[in-house]
Amino acid sequence: MRITEKFYKRVNEDANLQNYVNTYYRNRLKLAITREQVMIMNSKAGAVCSWLYRLASLFGIQTQKGIFIDLQVTNEDIANFCGITTRNSVNRVIRGLKEKHIIQVKNNRIIVLDMDYLKQFTK
């Protein structure tokens with residue numbers, strides 16, 4: 001019996017585990033749908049802004065300059081998370097956000113200077 005078959009057999013035998021797995025997949029589906037909605041409604045720039053807002057909310061550390069995201073994130077990482085096919089598109093969005101003084105990037109770490117700007121893309 002393969003590992004996936006064993007896993008699903010065990011899930012089907014345990015109601016608590018089944019509930020946990022169903023909740024997990026429901027949440028993943030909800031996240032995927034939310035990502036698609038953001039992309040459709042706001043373009044690539046909106047998807048990146050929305051993702052940066054979520055990232056800052058989850059992992060951000062308030063500093064004097066702004067909210068420091070203490071994760072090393074590449075443009076390719078951002079593209080993958082936002083469902084954007086090329087990192088060049090992310091490069092343009094990030095460059096635009098830096099020019100508007102919404103974010104700063106140092107050593108692939110991001111400081112969010114204007115959370116309110118990013119927040120508008122999460123609705």
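Looking at residues two or more places apart in sequence or on another chain, you find a side-chain hydrogen bond (donor to acceptor under 3.5 Å, both in side chains) between Arg92 and Ser89. In terms of the side-chain contact (heavy atoms from CB on, under 4.5 Å) criterion, residue partners of Lys106 (sequence neighbours excluded) are, by chain and number, Lys65, Gln104. Contacts of Tyr25 classified as side-chain contact (heavy atoms from CB on, under 4.5 Å), with partners at least two apart in sequence or in another chain: Tyr8, Val21. The salt bridge (Lys or Arg N to Asp or Glu O under 4.0 Å) search around Glu99 returns none, not counting sequence neighbours. Applying the salt bridge (Lys or Arg N to Asp or Glu O under 4.0 Å) criterion to Asp116, with sequence neighbours excluded, gives no partner residue. Residues satisfying the salt bridge (Lys or Arg N to Asp or Glu O under 4.0 Å) test with Arg109, not counting sequence neighbours, are Asp70. The side-chain contact (heavy atoms from CB on, under 4.5 Å) check on Phe59 picks up Leu55, Leu71, with sequence neighbours excluded. Scored by the side-chain contact (heavy atoms from CB on, under 4.5 Å) test, Thr4 finds Arg2 as partners (sequence neighbours excluded).
Nearest heavy-atom pair, Met115 versus Ile67, reported as atom, atom and distance to 0.1 Å: CG-CD1, 3.2 Å. Minimum interatomic distance between Cys82 and Ala47 (heavy atoms only, all atoms of both residues): SG-O, 3.6 Å. Nearest heavy-atom pair, Ala56 versus Val112, reported as atom, atom and distance to 0.1 Å: CB-CG2, 4.0 Å.
Distance CD1/Ile61 to CZ/Phe68: 6.5 Å, rounded to 0.5 Å. Note that CD of Glu76 and OG1 of Thr86 are 10.5 Å apart. Values are rounded to the nearest 0.5 Å.
Two residues are said to be in side-chain contact when any heavy atoms from C-beta on lie closer than 4.5 Å; Ile3 and Lys6 fail this criterion. With contacts defined as side-chain heavy-atom distances shorter than 4.5 Å, the pair Ile78/Ile94 qualifies.
At a threshold of 4.5 Å between side-chain heavy atoms, the hydrophobic network of Ile, Leu, Val, Met, Phe, Trp and Tyr places Leu58 and Ile103 in one connected group. Each of Ile111 and Val73 belongs to its own hydrophobic cluster when Ile, Leu, Val, Met, Phe, Trp and Tyr are linked at side-chain heavy-atom distances under 4.5 angstrom. Under a hydrophobic clustering in which Ile, Leu, Val, Met, Phe, Trp and Tyr are joined whenever their side-chain heavy atoms come within less than 4.5 Å, directly or via other members, Phe81 and Tyr53 fall into the same cluster.
Judged as a salt bridge (Lys or Arg N to Asp or Glu O under 4.0 Å), the pairs with a partner in residues 10-21 (not counting sequence neighbours) are, in order, Lys9-Glu13. Here ring-ring contact (aromatic ring centres under 6.0 Å, His included) pairs that include residues 97-119, with residues two or more places apart or in two chains, are Tyr117-Phe121.
Looking at Asn19, its side chain never comes within 3.5 Å of a backbone N or O of Ala15 through a donor-acceptor pair.
For the side-chain contact (heavy atoms from CB on, under 4.5 Å) criterion with Val105, the lone passing option out of Asn75, Ile110, Leu97 is Ile110.
In the displayed structure, Tyr20 atom OH is contacted under 6.0 Å by at most 12 heavy atoms of other residues, nucleotides or ligands.
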